[in-house]
Amino acid sequence: MKEIYLTRMTLNPRSNQVRAEVGNPRELHKTISRAFPPVENPPDAKPHERKTPRNEYNILHRLEIERLRGKAYLLVQSEHEPDWSFLHHKDYADEVETKTVGDRYAAIENGTRLIFRLQANPAKRVANRYEYPIETQREEFDRRFKDGKIRRRVALVTEEDQINWLIRQGVNGGFGVENVTVDPAVRNVVAISEGKIKFKKLEKAGANGGDPVTYGSVVFEGVLRVDDAEKFRKALTSGIGQGKAYGFGLLSIAPAR
C-alpha cells in the first residue's frame, strides 16, 4: 500500500488565523490544501469531475478541541507528504509532528481489535416527488435528479440511528462494532452529538457568501473488530461517510487492551 502520513498539530490559541478557522471549516480546508501540490484540471472540467488535493491525495483531517484546557489539535492524514513550512511565520501551531503510519496499517490482520475515534456526518438519503421544471432548467434538473424524485441527505439525530449507521459503514469498511461492555450501563460505542456545523460553500460563493451548508456532527468512540483487513485499510485511507473536506471521516485507531 502507499505510504500514509499523519500530522498532529497543537494549534496556537493566540493566532488570529487559528481562531478564525476553528469556526470556519471551509477556511481550514483551504489552509490544509496548501500543504500539498496543486492539482491541474482541464479548462472544460465539470464541477463534479474536478480533481482536488483532497481527493487526489486522500487528505482527511479532524479538529479536536479540549475546551476545559483551552487546547486545540489538528490531525491530518494523507497519501502525500505535507509541507507545513508556510505556516511557521504565522505562529499557527506550537507543535507540528508528522510521522508515517503505512507500515502500521499494513500490519493489521483479520480479528484485530482496535480502539477507535471517528467524527462523522451520519445521514440518509430521502426522496421527494417533484413538479417538472420549466424548459430552461431541464438540463440541470436532469443531471441532479433521477427517477422523478429529488434525493437529499438528512442527518440522523437519534443515538440509535447514528450507531446503526456506523454499523452499516463497518459492513462496507471491513469491520464490526464490538458490543462487549466493561460496564452493563455503558456501551463500547458512544455517539456524542456535536451539534451542527454551518458555513458557506466556496464554489457557490457570491455577493452573499454562498449557499449555506449544514452537517450534523457526531463523534464515535469505542472498540471495533477487523473482519476484512483489505477493506479496513481502504476505510482508513479513504475515510468514512460524507463531508471529508470539512473534518469528517478520519478514523483514528489504537490497539485495544
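One-based numbering along the sequence shown.
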Can you check whether [Y]'s main-chain N or O pairs, donor with acceptor, with [X]'s side chain at less than 3.5 Å?
X	Y	answer
Q162	L156	yes
T112	E109	yes
R225	E178	no
N41	R50	no
R117	V219	no
Q77	L236	yes
N164	E160	yes
R19	P13	yes
R8	L75	no
N58	S78	no

Between atom [atom1] of [X] and atom [atom2] of [Y], what is the distance when rounded to the nearest 0.5 Å?
X	Y	atom1	atom2	answer
E64	K71	CD	NZ	14.0 Å
T237	I4	OG1	CD1	5.5 Å
K231	N110	NZ	CG	11.0 Å

Next item on the list: Could you list all the ring pair (Phe, Tyr, Trp, His ring centres under 6.0 Å) pairs where at least one residue sits in residues 11-34, not counting sequence neighbours?
Entry: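 Passing the test, one end in residues 11-34: H29-Y246.
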
Indicate whether the side chain of [X] and that of [Y] have a donor and an acceptor atom separated by less than 3.5 Å.
X	Y	value
R62	S252	yes
N24	R26	no
Q119	S217	yes
E21	Y92	yes

Cluster link [X] to [Y], ILVMFWY, side chain under 4.5 Å:
X	Y	answer
Y5	V39	no
Y105	L60	no
M9	I65	yes
I253	L250	no
Y73	L87	no

Note to self: Please verify the inter-ring angle class for F36 with Y57; under 30° counts as parallel, over 60° as perpendicular, anything in between as tilted.
What the structure shows: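 The rings of F36 and Y57 lie parallel, inter-plane angle below 30°.
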
Margin query: Testing the basics here: between P82 and T7, what is the closest heavy-atom pair and its distance to 0.1 Å?
Written below: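 Distance-wise, the nearest heavy atoms are CG-OG1, 3.7 Å.
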
